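Worth saying up front: this structure is predicted, and the values here are computed from it rather than measured.
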Amino acid sequence: MNKRFSLIVMFFIITYSSFAQWNHAMLLNSPGTDSIKDVDFVTENSGMYCYDRYVSPSQGNDIYVQSTFDGGFSWGDSWANSGYVNSYAIKTVRSQQAYYYAYNWEGFYRIIMSADNGDSWRQIKGAIWWFTDLSAVDTSHVFFIHNDNGTKYYLDKYINNVITMKVDSFTNFIPSLLFFTDSVTGYVAASTLADSRKHVILKTSGSGLGWSTVFSDTSMNIRSLYFTNDSIGFLAGDSGHIIKTIDGGQNWQQLVTNTSHDLYSIFFVNDLVGYAAGDAGLIMNTQDGGITWNVQSTGITTRFKKLIFVNDSTGFALTGNDVYKIHPSFFLNINEEPSMLHESLAVYPNPANGVVTVESTATRSNIEILNTAGAVVYSGVKNASHFTIDISSFIPGIYILREIQDSQLIGTQKVVVMPY
């Protein structure tokens with residue numbers, strides 16, 4: 001493949017501050033003409049986005065998949081086509097660095113995949129009447145939904161390079177958002193013929209065969225769902241609603257978000273750390289599984305459509321034509337990378353909910369603990385290589401402990417406070 005790096009993007013480096021900050025990672029040359037349909041990343045440096053460029057009524061569109069290998073500094077062509085075509089979605093299997101791309105060609109949808117960072121692509125399904133969504137557990141277990149000529153929706157699966165069409169159908173439901181937690185358990189958000197809002201969650205425990213209703217609330221309009229495993233999941237939607245289950249959908253709890261903005265994307269790095277995004281440049285973060293949510297500073301006023309995180313501190317967000325990147329700067333006020341500042345500092349036990357021991361090579365230093373808002377919740381002087389701190393009064397969540405000597409930051413460590 002010819003890697004023509006034809007698009008140079010703007011990337012602004014910021015000074016670390018006391019809150020999470022998003023940087024401009026990518027800007028198209030002509031936002032009024034080009035339209036990014038989807039974006040995804042498999043690592044902090046490697047990602048792809050798909051977009052359309054209108055040509056003319058007689059020629060249709062040009063569609064492109066662009067790839068980056070330097071975290072968004074530069075992008076190059078990975079795949080392209082022309083004619084009566086439209087991009088639809090980019091999906092990934094991060095553990096295997098695989099990409100799936102769905103697009104429409106002359107009225108029919110096709111799904112292609114790349115397992116070599118876009119150097120080559122192969123088709124896994126062609127001529128689908130109407131593609132709805134795709135969920136890839138791994139490269140051997142891929143599930144997708146299609147509409148059969150406008151009459152009924154079906155669940156299809158691609159298992160060990162074999163396509164099985166119409167594994168099951170959705171009677172009386174219009175499925176939209178698909179999420180499989182493993183090769184057996186899957187969830188889908190759906191609307192009904194009577195109510196076009198996505199207010200129903202269906203679940204399968206049979207690899208797509210057999211679906212049951214596990215959630216229905218006509219006050220909801222679900223725009224995103226995310227499961228960290230087959231039991232713990234989150235729904236996000238209009239008016240700031242986030243709903244959580246910890247038992248595979250048997251019971252659901254509405255979380256307090258303190259926002260009325262519509263939420264379009266939710267993503268959890270693990271059971272505790274998660275993000276939600278939506279209208280008016282809103283991005284919220286939780287460090288305690290959704291019990292509390294903190295608004296992040298973005299400086300953006302447009303809608304965020306999608307969030308992706310590749311680890312617990314590095315993520316990307318999509319608006320209409322822009323991709324933004326987060327920097328893990330909410331706990332530092334210096335121009336050094338946090339990963340370089342913890343080799344001689346240890347905190348144990350961790351996670352904990354009582355007394356922790358701080359150990360480092362420095363015999364005299366100042367110890368501070370910061371919460372996710374950047375506020376100092378503990379400060380003390382360490383006069384020996386071992387130092388204990390009682391954290392039993394801390395609210396459960398994730399904190400940052402930092403060690404300072406002679407006004408210089410010499411170490412940081414993440415501390416997880418567990419509930420009793």
Side-chain angles (χ1 to χ4, degrees), residues 20 132-133 135 170 173-181 186-203 211-298 300-309 315 317-320 372-373 395-397:
T132 301
D133 201 7
S135 180
F170 295 90
F173 294 103
I174 304 171
S176 298
L177 306 172
L178 184 65
F179 197 108
F180 269 78
T181 61
Y187 298 85
V188 66
S191 58
T192 63
L193 296 176
D195 190 339
S196 61
R197 293 173 299 174
K198 295 183 286 291
H199 62 281
V200 177
I201 296 293
L202 307 173
K203 178 182 179 180
W211 295 82
S212 60
T213 301
V214 294
F215 175 86
S216 181
D217 184 348
T218 55
S219 69
M220 281 286 292
N221 185 23
I222 303 165
R223 296 188 182 272
S224 182
L225 71 163
Y226 196 92
F227 283 77
T228 59
N229 54 52
D230 59 2
S231 298
I232 300 177
F234 301 83
L235 317 176
D238 289 357
S239 303
H241 285 166
I242 297 180
I243 314 294
K244 178 181 181 179
T245 181
I246 59 173
D247 55 14
Q250 295 183 49
N251 297 282
W252 297 84
Q253 173 191 6
Q254 182 165 330
L255 305 178
V256 178
T257 63
N258 295 315
T259 183
S260 60
H261 286 304
D262 293 346
L263 301 175
Y264 282 78
S265 183
I266 192 164
F267 193 104
F268 269 74
V269 180
N270 52 48
D271 292 347
L272 295 176
V273 181
Y275 293 81
D279 281 339
L282 174 69
I283 293 182
M284 303 187 303
N285 165 254
T286 180
Q287 302 283 344
D288 53 18
I291 298 173
T292 56
W293 292 87
N294 302 301
V295 175
Q296 309 292 286
S297 174
T298 67
I300 311 303
T301 58
T302 54
R303 174 185 300 163
F304 282 112
K305 300 191 298 184
K306 184 177 182 180
L307 287 172
I308 312 109
F309 276 78
L318 171 67
T319 61
T372 54
I395 297 173

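- Asn294 and Thr292 form no side-chain donor-acceptor contact under 3.5 Å, judged by distance and modelled atom types alone.
- The number of heavy-atom neighbours closer than 6.0 Å to CD1 of Ile174, taken from other residues, nucleotides and ligands shown, is above 12.
- In summary, the aromatic rings of Phe267 and Tyr226 are positioned with their centroids under 6.0 Å apart.
- Of all the heavy atoms in Leu307 and Ala317, the pair that sits closest is CD2-CB, 3.6 Å.
- Scanning all heavy atoms of the two residues, the minimum distance from Gly248 to Lys203 falls at O-NZ, 2.9 Å.
- Taking each heavy atom of Gly289 and Lys244 in turn, the nearest pair found is O-NZ, 2.9 Å.
- Between Phe170 and Trp211, the ring-plane angle classifies as tilted under the 30° and 60° cut-offs.
- In terms of heavy-atom proximity, Asn270 sits nearest to Val273 at OD1-N, 2.8 Å.
- For the residue pair Gln253/Asn251, the side-chain donor-acceptor check at 3.5 Å is not satisfied.
- Distance alone, capped at 3.5 Å, places no donor-acceptor pair between the Asp279 side chain and the Arg303 backbone.
- Side-chain atoms of Trp252 do not come within 3.5 Å of backbone N or O of Ser216 as any donor-acceptor pair.
- From His199, atom NE2 reaches atom OG1 of Thr218 across 6.5 Å, with rounding to the nearest 0.5 Å.
- You'll find the side chain of Ile222 reaches within 4.5 Å of the side chain of Phe215, heavy atoms only.
- For the pair Arg223/Leu263, no side-chain contact is recorded, criterion being any heavy-atom separation below 4.5 Å from C-beta on.
- How far OG1 of Thr257 is from CE of Met284: 5.0 Å, rounded to the nearest 0.5 Å.
- The minimum heavy-atom distance between Ala190 and Pro175, with the atom names listed, is CB-CA, 3.8 Å.
- Atom CD of Gln250 sits about 9.0 Å away from atom OG of Ser231, to the nearest 0.5 Å.
- Side-chain atoms of Ile232 and Phe227, non-hydrogen and from C-beta on, never get closer than 4.5 Å to each other.
- Atom CD1 of Ile308 and atom OG of Ser265 lie 7.5 Å apart (nearest 0.5 Å).
- Of all heavy-atom pairs between Tyr275 and Ile283, the closest is CD2-CG2, 4.1 Å.
- The CG atom of Asp271 lies 5.5 Å from the CG atom of Asn229; values are rounded to the nearest 0.5 Å.
- His241 contributes atom NE2, which lies 11.0 Å from atom CG of Leu255 (distance to the nearest 0.5 angstrom).
- Ring centroids of Phe304 and Tyr264 are separated by 6.0 Å or more, keeping the two rings apart.
- Side-chain atoms of Asn285 come within 3.5 Å of backbone N or O of Gly274 as a donor-acceptor pair.
- Proximity of Val295 to Leu282: side-chain heavy atoms (C-beta onward) are separated by under 4.5 Å at one or more points.
- Residues Val200 and Thr213 have side chains in contact (heavy-atom distance under 4.5 Å, counting atoms from C-beta outward).
- Side-chain contact between Trp293 and Ile242 is present, with at least one heavy-atom pair separated by less than 4.5 Å.
- Distance alone, capped at 3.5 Å, is enough to place a donor-acceptor pair between the Ser135 side chain and the Phe180 backbone.
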**Q.** Test log, rule side-chain contact (heavy atoms from CB on, under 4.5 Å), inputs Leu235 and Leu225
**A.** CA-CA 5 Å; Leu235 317 176; Leu225 71 163; 3.8 Å; yes
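- When side chains are defined from C-beta on, Phe179 does not count as touching Asp133, because their heavy atoms never get closer than 4.5 Å.
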